2 protein chains.
Amino acid sequence: MKTQLDHSSGNLTLDDIARLAGVSRTTVSRVVNEHPSVRRDVRQRVLDIIEEHHFHPNAAARTLAMQRSWTIGLILPHSVSTFFTDPYYPNLLMGIAKACNLYNYTLALFLVSTKEDEVNVFPRVGRKGFLDGAIVQSGHHGDQGAIGRMVDKKMPLVVVGRPFRSDNVTYVDIDNIKAAKSAVTHLYKTGCRRIATITGPIDSTVGIDRLEGYRQAIKENNGQVNESLIAEGNFTETGGYLAMQKLLPFKPDGVFAASDVMASGAMKAVEDANLHIPEDVSFIGFDDLPSASYGSIQLSTVRQNVTELGLKSVESLIEQIEDESIKPRQIILDTELVIKQSCRPLKELHKSE
Amino acid sequence: MKTQLDHSSGNLTLDDIARLAGVSRTTVSRVVNEHPSVRRDVRQRVLDIIEEHHFHPNAAARTLAMQRSWTIGLILPHSVSTFFTDPYYPNLLMGIAKACNLYNYTLALFLVSTKEDEVNVFPRVGRKGFLDGAIVQSGHHGDQGAIGRMVDKKMPLVVVGRPFRSDNVTYVDIDNIKAAKSAVTHLYKTGCRRIATITGPIDSTVGIDRLEGYRQAIKENNGQVNESLIAEGNFTETGGYLAMQKLLPFKPDGVFAASDVMASGAMKAVEDANLHIPEDVSFIGFDDLPSASYGSIQLSTVRQNVTELGLKSVESLIEQIEDESIKPRQIILDTELVIKQSCRPLKELHKSE
DNA sequence: ACTCTTTTTGGAAGCGCTTCCATTATAACA
DNA sequence: TGTTATAATGGAAGCGCTTCCAAAAAGAGT
């Protein structure tokens with residue numbers, strides 16, 4: 001009777017299939033796992049029965065026996081606001097999800113926004129037998145705890161974004177310093193001489209690095225950094241708007257914003273002040289979001305391929321899962337400066353070139 | 001020796017803890033699961049050892065024994081573009097993730113955008129022992145297959161958004177018809193007499209229902225629906241822009257867009273045509289995205305609490321997981337019309353009231 | 001037909017946990 | 001102190017799979 005019921009509810013076991021096919025449990029397992037040493041006709045008979053009954057091996061049992069779950073965790077620490085405000089996260093998520101599909105891993109998602117979340121979530125992440133490895137989006141001070149604990153557990157780990165303590169951890173990131181530097185240098189080349197920057201939170205590595213790139217570019221081109229031309233933002237549009245308002249009295253003629261979203265807000269502030277883009281103020285953002293064209297002014301930006309970032313992190317994690325001896329390493333992806341209408345054209349530089 | 005190694009790598013088993021504490025495996029299990037019948041001092045001793053060794057029971061073993069994974073799946077069918085373009089998805093995701101944290105469930109995410117994805121993903125979703133239940137975001141024709149198969153498998157299921165075949169399926173949604181109707185009626189009350197609508201894809205239940213609400217409102221107030229004032233969009237900003245361009249020749253004085261993102265695009269089209277909002281054209285969108293204020297004109301909108309949608313769907317799913325006898329039911333959440341600057345003020349209606 | 005290989009097969013152990021059931025220690029009461 | 005009721009404990013089976021190992025079947029070579 002059991003078998004009859006199970007036929008419809010789809011809760012057969014290997015044994016049921018074995019009985020139905022007149023072979024041993026072992027043989028069915030071999031068929032399921034595509035082990036070569038099963039006779040052609042037997043394999044086919046078993047496959048037919050599996051098909052007919054829509055049998056799927058029980059995931060927990062398989063995980064327990066193989067010590068492999070084919071599941072990876074993605075830990076996204078974030079403030080409530082930024083997650084759906086800045087397309088960076090959805091984008092990264094998509095890249096990672098697609099990569100998981102590609103490699104036939106399942107993705108477990110952990111959104112942690114509060115300390116409480118962290119406490120709740122960690123046991124589930126750390127528990128053996130559930131995750132084969134984890135990806136954590138990082139770059140903030142608060143993340144160190146989670147990362148450290150994963151490392152302690154010897155769980156394969158990839159960090160997206162340079163963590164503060166990056167020794168002995170595999171991470172994938174872009175070269176934020178270089179990218180920022182090239183953006184600012186471009187502004188300089190278009191003739192801007194009072195280039196301001198709206199930074200990310202200064203307790204994050206992105207914030208720090210993009211600012212550092214700005215400083216380096218200014219020093220190389222202009223000689224001296226004017227601290228009044230630096231305003232801290234928080235990666236939100238409002239943050240960008242407010243930062244720009246602080247900057248305006250110092251009459252910047254070019255702004256490098258550490259994210260497109262902030263650039264967007266900043267451009268509003270500029271327009272509200274009745275200035276024109278790019279005639280009065282040029283803009284370069286960071287991210288290359290599709291929606292980052294404010295009104296009809298297309299925003300210049302540093303393009304980072306977030307989907308690629310996701311793909312690489314998954315690949316690198318799987319590598320670690322499948323080969324324990326892999327050493328931590330850093331993967332740095334390229335960025336590209338994309339110039340659109342928010343910048344004035346390059347100045348001819350015959351003399352200095 | 002094994003024990004020593006395991007101490008650091010955190011891969012102890014119940015047996016190890018039992019040995020260390022001088023009790024049986026069973027007792028340790030009881031402690032872990034907070035079973036009452038364990039003597040106080042024994043419990044404490046075991047807890048100490050668990051704490052000391054950072055022991056976490058193996059998830060797969062536990063799942064296998066209990067036939068419960070405490071994991072639910074979220075299946076998000078989506079075109080690549082909309083996922084990170086329309087904040088609806090991230091928002092829903094966040095609501096669901098937060099609810100999972102709250103109830104101590106783990107969330108497995110399945111982003112399926114292609115037929116191929118679906119084929120790859122389904123075995124993982126359908127496999128017993130991995131998921132206790134699933135939430136699928138729906139409303140498109142293509143989703144019926146997946147939903148049907150889950151129902152066949154007798155896996156607890158909640159659909160977000162009214163599915164095409166809604167009999168025998170639990171779903172949570174808002175009353176799109178009513179919500180759209182109220183928005184259009186409001187436009188009418190502000191004096192609009194040529195109200196247009198930009199619909200969602202017409203092969204989706206949201207698309208259909210919001211359009212139906214529009215039709216009902218027009219019929220009730222204006223008598224006759226003018227088909228030229230209906231344009232189909234695809235929930236993207238560009239789609240909204242293009243739809244609006246088709247609409248403009250017919251001189252609408254009010255537009256109800258089935259999403260804020262489309263409204264945003266449409267408003268651009270209006271401005272590009274040198275018309276003014278709300279003087280020439282009033283706008284009401286749908287969603288109430290925080291970023292849906294175009295330029296300085298705040299968009300009126302139908303607010304739906306997507307986070308709540310997520311919460312309810314998780315709660316309803318858990319209900320089904322924990323009680324097999326629960327019957328399918330529909331949960332309809334309220335919406336709220338939020339009027340901002342994109343609408344003209346209400347006309348005095350002394351006579352007709 | 002008879003070895004010697006090589007390929008297929010199945011039995012059984014084991015993955016790490018929960019839980020039923022029988023047993024023992026403890027408390028309660030006479 | 002002896003009985004009985006109750007609480008605490010451990011043994012063992014079982015969850016559904018993989019995989020080692022030995023045994024059986026099939027080919028190959030004479």
Side-chain angles (χ1 to χ4, degrees), chain A residues 2-3 6 9-47 50 53 55-71 123-124 126-132, chain B residues 2-3 6 9-47 50 53 55-71 123-124 126-132:
Chain A
K2 182 167 183 295
T3 311
D6 282 350
S9 70
N11 283 338
L12 303 185
T13 70
L14 265 196
D15 281 303
D16 295 323
I17 301 293
R19 205 171 312 122
L20 260 37
V23 296
S24 77
R25 188 232 305 294
T26 308
T27 299
V28 179
S29 172
R30 289 204 180 94
V31 170
V32 169
N33 295 298
E34 295 176 330
H35 187 101
S37 65
V38 178
R39 236 172 49 216
R40 265 192 103 77
D41 57 325
V42 175
R43 173 191 309 282
Q44 193 53 54
R45 192 171 70 228
V46 173
L47 280 177
I50 287 178
H53 293 78
F55 167 76
H56 290 291
N58 181 294
R62 170 183 278 227
T63 296
L64 180 57
M66 303 216 292
Q67 303 288 58
R68 257 334 213 78
S69 65
W70 303 94
T71 300
R124 281 186 273 137
R127 214 191 294 284
K128 250 285 157 190
F130 183 57
L131 298 181
D132 285 345
Chain B
K2 183 168 182 292
T3 310
D6 281 350
S9 68
N11 283 338
L12 303 185
T13 70
L14 266 195
D15 281 303
D16 295 323
I17 301 294
R19 206 170 311 122
L20 259 38
V23 296
S24 77
R25 187 230 306 293
T26 309
T27 299
V28 179
S29 172
R30 288 202 181 93
V31 171
V32 168
N33 294 299
E34 295 175 333
H35 187 102
S37 66
V38 178
R39 235 171 50 215
R40 265 191 102 78
D41 56 325
V42 175
R43 175 190 310 283
Q44 194 51 55
R45 192 171 68 227
V46 172
L47 280 178
I50 287 177
H53 293 79
F55 167 77
H56 291 291
N58 180 294
R62 169 183 278 225
T63 296
L64 180 57
M66 303 217 288
Q67 302 288 59
R68 249 349 204 71
S69 66
W70 303 94
T71 299
R124 279 187 275 139
R127 216 192 294 284
K128 249 285 156 190
F130 182 57
L131 297 182
D132 285 344

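Predicted model only: the values in this text are computed from it and were never measured. Residue numbers start from 1 in every chain, and the chains themselves are labelled A, B, ... in the order their sequence lines are given, proteins ahead of strands.
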Chemist: Quick one: does B/R127's side chain get under 4.5 Å of B/R124's, heavy atoms only?
Modeler: yes
Chemist: C/dC17 phosphate, OP1 or OP2: any side-chain N/O from B/Q67 under 4.0 angstrom?
Modeler: no
Chemist: B/E34 has an atom CD; how far is it from atom P of C/dT19, in whole Å?
Modeler: 14 Å
Chemist: Could you state the atom-to-atom distance from CG of B/D15 to P of D/dA13 in whole Å?
Modeler: 15 Å
Chemist: Less than 4.5 Å apart, any side-chain heavy atom of B/D16 and any of B/R19?
Modeler: yes
Chemist: Nearest whole angstrom, please: distance from the P of C/dG16 to the CZ of A/F130.
Modeler: 18 Å
Chemist: A/F55 has a side chain; which of C/dG10, C/dT18, D/dC17 sits nearest to it?
Modeler: D/dC17
Chemist: So which nucleotide from D/dC17, C/dT19, C/dC17 ends up closest to the side chain of B/M66?
Modeler: C/dT19
Chemist: Would a 4.5 Å heavy-atom cut-off, applied to side chains only, mark A/L14 and A/R62 as touching?
Modeler: no
Chemist: Given the structure, check if the side chain of A/T26 and the base of D/dT19 hold any donor-acceptor pair shorter than 3.5 Å.
Modeler: yes
Chemist: Could you check whether B/T27 gets within reach of a base, just the sugar-phosphate, or nothing at all, counting any heavy atom under 4.0 Å?
Modeler: sugar-phosphate
Chemist: Looking only at side-chain atoms of B/V23, point me to the closest of C/dG16, D/dG10, D/dC20.
Modeler: D/dG10
Chemist: Side chain to side chain contact (heavy atoms under 4.5 Å, CB included) between B/Q44 and B/L47: does it pass, once the steps are laid out?
Modeler: CA-CA 5 Å; B/Q44 194 51 55; B/L47 280 178; 4.2 Å; yes
Chemist: Tell me if a side-chain donor or acceptor on B/R45 pairs with a main-chain N or O of B/A21 at a distance below 3.5 Å.
Modeler: yes
Chemist: Take atom CG of A/L64 and atom C1' of D/dC17, then tell me their distance rounded to the nearest Å.
Modeler: 8 Å
Chemist: Would you say B/S24 reaches D/dG10's phosphate, i.e. side-chain N/O to OP1/OP2 under 4.0 Å?
Modeler: yes
Chemist: Taking all atoms of both residues into account, what is the closest heavy-atom pair of A/N58 and B/G129, and its distance?
Modeler: ND2-CA, 3.8 Å
Chemist: Whole Å only: how far is the NE2 atom of A/H35 from the C1' atom of C/dG10?
Modeler: 13 Å
Chemist: Which residues within residues 37-47 of chain A lie with some heavy atom under 4.0 Å of an atom in DNA chain C?
Modeler: A/S37, A/V38, A/R39, A/V42
Chemist: Quick check for you: among C/dG16, C/dG10, C/dT18, whose closest atom lies nearest to any side-chain atom of B/A61?
Modeler: C/dG16
Chemist: Can you figure out which of D/dT9, C/dA13, C/dG16 approaches the side chain of A/R25 most closely?
Modeler: C/dA13
Chemist: Nearest heavy atom decides the nucleotide; on that basis, is B/R30 or B/A65 closer to the 5' end of DNA chain D?
Modeler: B/R30
Chemist: Which atoms form the tightest heavy-atom contact between A/T63 and B/A60, and what is the distance?
Modeler: CG2-CB, 3.5 Å
Chemist: Could you tell me the separation between the CZ atom of A/R62 and the C1' atom of D/dC17, rounded to a whole number of Å?
Modeler: 8 Å
Chemist: Is there a donor-acceptor contact under 3.5 Å from the side chain of A/S69 to the main chain of A/F130?
Modeler: yes
Chemist: Atom CG of B/N33 and atom P of C/dC20: how far apart are they, to the nearest Å?
Modeler: 12 Å
Chemist: From CD1 of A/I50 over to C1' of D/dC17, roughly how many Å is that when rounded to an integer?
Modeler: 13 Å
